[in-house]
Number of protein chains: 2
Amino acid sequence: MKPLTAPHAISRQVLADHVYDEILESLMDGRLMPGDAVSIDGTARDLEVSPTPVREALARLEHTGLVQRAALKGYRVAPLSSAAEMAQLMEARLVIEPVNTRLAGEVMTPETLAALEQSIHDLATAPRGPSFAEFRDYFDADERFHRLIAENAGNPFLLAAYNALGGQVQRFRLFSGVGITDANFAIAEHRAIFEAFRDGDVEGAAAKMTEHVSNVRARAMADAPAESSAE
Amino acid sequence: MKPLTAPHAISRQVLADHVYDEILESLMDGRLMPGDAVSIDGTARDLEVSPTPVREALARLEHTGLVQRAALKGYRVAPLSSAAEMAQLMEARLVIEPVNTRLAGEVMTPETLAALEQSIHDLATAPRGPSFAEFRDYFDADERFHRLIAENAGNPFLLAAYNALGGQVQRFRLFSGVGITDANFAIAEHRAIFEAFRDGDVEGAAAKMTEHVSNVRARAMADAPAESSAE
DNA sequence: AACGATAGAATCCTATAGGATTTAGACTAT
DNA sequence: ATAGTCTAAATCCTATAGGATTCTATCGTT
């Protein structure tokens, strides 16, 4: 009964997984814009696969809130959050992320600490060009920082709750245009959280996380005060 | 452009939706036990449909945590939470549900209040027999109470976070055997939350919710102290 | 008797085909 | 010109077929 089959050795992938990644990439890159239809047959033609794996990938994506499905009418990219919904999203983050921060702080390891520092370094050095592709690394580093904390909190249910928000957060980062003005502040705030972790100041880290998310909300509201729906 | 097609009139259903409901029912009823394999072809034969809608339904269910998928090996009912995981689940509920309670309390309406009271009434009058089927109404009323609060909190992201937990909570109710000893306490605690809502005591309602979930955890731990995996 | 190899069945995965539904455009009548 | 109807294309939805993989049981060897 020895685990000869290494746990993470050959994690087999099937076509639907690749399709899932591909569509997710398009959503996060901005190639698929809010409101766009995501045709099953059309996507299958584009990716040169049959509709079956596309259907399976979209069924999974629906649960993330990134795409919405109407029976017999197909899938659409979820509309962009209004300013009010953005505030609700930040409110939800303020509930979950400080708790994750506290839990992660209680079991912080040198490895996690190093990974967090790496993400901050990537955030600071990522190119910040005008195009989506050039911002990609920046957004990735930002998301990685928060995800690392959620994963190291050690509570799979709170991680699931965070995942229910993560995709929306990423989308908001992309379309709000906050990233540009947000960058320098975000780097400093991430670093403040990291330093509290490093010093073993668990409550301080949680407080800094609360402050960080609050600031993100404030900066976002300042940037796009009343732009409820673009289309 | 008039909405002649009434919004909620004929919400068309496709076969995959029925299959989804059917499998979910089996999971919640206990017909499908933790660890059981959920064969795509087999389920398709049982329900007398083709494998395609079964595949789509399972893809959606995977994201709820109720079933787990291994590439090229199929789906399995997720193993039952250990005592430690149960504690983590309650910890997550303690993070989310009091906040939802507070938000719901701030916009409480007579209609919602009546629905909450109805769920308590159903909880008190539900038969509590030995079989799964006889407990079904009790569990439904319990879940309805908590779901009403989450839905009326008005934050779709926190609702999504709650949904990420709800299925697990329901499963735990079913298999832990806590329900029996829990019933009289739970009814009283639900009523205490309701009365705080009715009196406009928002903070009191939130506090009572915290107390309720804490008590559920305590009673569950007392019932099954060290039963980690039953097989 | 225990271990490893092999054949068969069961299952998963993808592709294809056809019916059902929706959508878009053209045509006609008011 | 606008509203309504009708036709055709596109799309969704389900079923079926076949290849690829995994599981199970039998058999032979040490």
Side-chain angles (χ1 to χ4, degrees), chain A residues 1-23 26 32-33 35-63 66-79 231, chain B residues 1-23 26 32-33 35-63 66-79 231:
Chain A
M1 200 62 81
K2 284 162 286 182
L4 276 184
T5 64
H8 300 280
I10 342 167
S11 90
R12 293 184 140 292
Q13 288 243 338
V14 292
L15 205 43
D17 295 330
H18 289 295
V19 174
Y20 182 95
D21 292 339
E22 204 70 34
I23 298 176
S26 296
L32 283 174
M33 300 290 286
D36 285 358
V38 186
S39 158
I40 293 174
D41 290 351
T43 306
R45 280 193 298 273
D46 292 346
L47 301 180
E48 296 181 342
V49 298
S50 77
T52 308
V54 175
R55 174 174 293 277
E56 186 172 334
L58 283 171
R60 282 188 237 164
L61 273 169
E62 184 191 4
H63 208 286
L66 293 174
V67 299
Q68 296 174 344
R69 166 176 164 276
L72 299 179
K73 291 182 61 177
Y75 290 87
R76 282 191 171 279
V77 181
E231 170 61 16
Chain B
M1 199 64 79
K2 281 164 287 185
L4 276 184
T5 63
H8 300 280
I10 341 168
S11 92
R12 293 183 140 293
Q13 289 243 338
V14 292
L15 205 42
D17 295 330
H18 289 296
V19 174
Y20 181 94
D21 292 340
E22 204 69 35
I23 298 175
S26 296
L32 282 174
M33 301 288 287
D36 285 357
V38 185
S39 158
I40 294 175
D41 290 351
T43 305
R45 281 193 297 273
D46 292 346
L47 301 180
E48 296 180 343
V49 297
S50 77
T52 308
V54 175
R55 173 174 294 277
E56 186 171 333
L58 283 172
R60 283 187 235 165
L61 273 169
E62 184 192 4
H63 209 286
L66 294 173
V67 298
Q68 296 174 343
R69 166 177 165 276
L72 299 179
K73 291 183 60 177
Y75 290 87
R76 281 190 171 282
V77 182
E231 168 58 19

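Chain A is the first sequence line, chain B the second, and so forth, proteins listed ahead of strands; every chain is numbered from 1. These numbers come from the heavy atoms of this one structure, side chains and all, not from hydrogens, waters or symmetry mates.
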Please report the closest heavy-atom contact between B/L58 and B/I23, naming both atoms and the distance.
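Distance-wise, the nearest heavy atoms are CD2-CD1, 4.0 Å.
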
Minimum heavy-atom distance A/Q13-A/D21, with the two atoms named:
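It is OE1-OD2, 4.4 Å.
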
In whole Å, I'd like the distance from the [atom1] atom of [X] to the [atom2] atom of [N].
| X | N | atom1 | atom2 | result |
| --- | --- | --- | --- | --- |
| B/Q13 | D/dC13 | CD | P | 12 Å |
| A/R60 | C/dC13 | CZ | P | 9 Å |
| B/R76 | C/dC12 | CZ | P | 10 Å |
| A/Y75 | C/dT23 | OH | C1' | 19 Å |
| B/L47 | D/dT14 | CG | P | 13 Å |
| B/D17 | D/dC12 | CG | P | 15 Å |
| B/E48 | D/dT16 | CD | C1' | 17 Å |
| A/H18 | C/dC13 | NE2 | P | 13 Å |

Taking the side chain of [X] as heavy atoms from C-beta outward, which of [options] is closest to it?
| X | options | result |
| --- | --- | --- |
| A/T52 | C/dA15, D/dT14, D/dT22 | C/dA15 |
| A/I40 | C/dT14, D/dT22, D/dC12 | D/dC12 |
| A/L72 | D/dT11, D/dC13, C/dT11 | D/dC13 |
| B/P51 | D/dT14, C/dT16, D/dT16 | D/dT16 |
| A/V14 | D/dC13, C/dT14, D/dA15 | C/dT14 |
| A/R45 | C/dC12, D/dT16, D/dT11 | D/dT11 |
| A/A16 | C/dT14, D/dT14, C/dC13 | C/dT14 |
| A/R69 | D/dC13, C/dC13, D/dA15 | D/dC13 |

Would one find a side-chain N or O of [X] under 4.0 angstrom from OP1 or OP2 of [N]?
| X | N | value |
| --- | --- | --- |
| B/K73 | C/dT11 | no |
| A/R55 | D/dC13 | yes |
| B/S50 | D/dT14 | no |

Within the 4.5 Å heavy-atom criterion, are [X] and [Y] side-chain neighbours or not?
| X | Y | answer |
| --- | --- | --- |
| B/R69 | A/V14 | yes |
| B/R60 | B/D17 | yes |
| B/P53 | B/H18 | no |

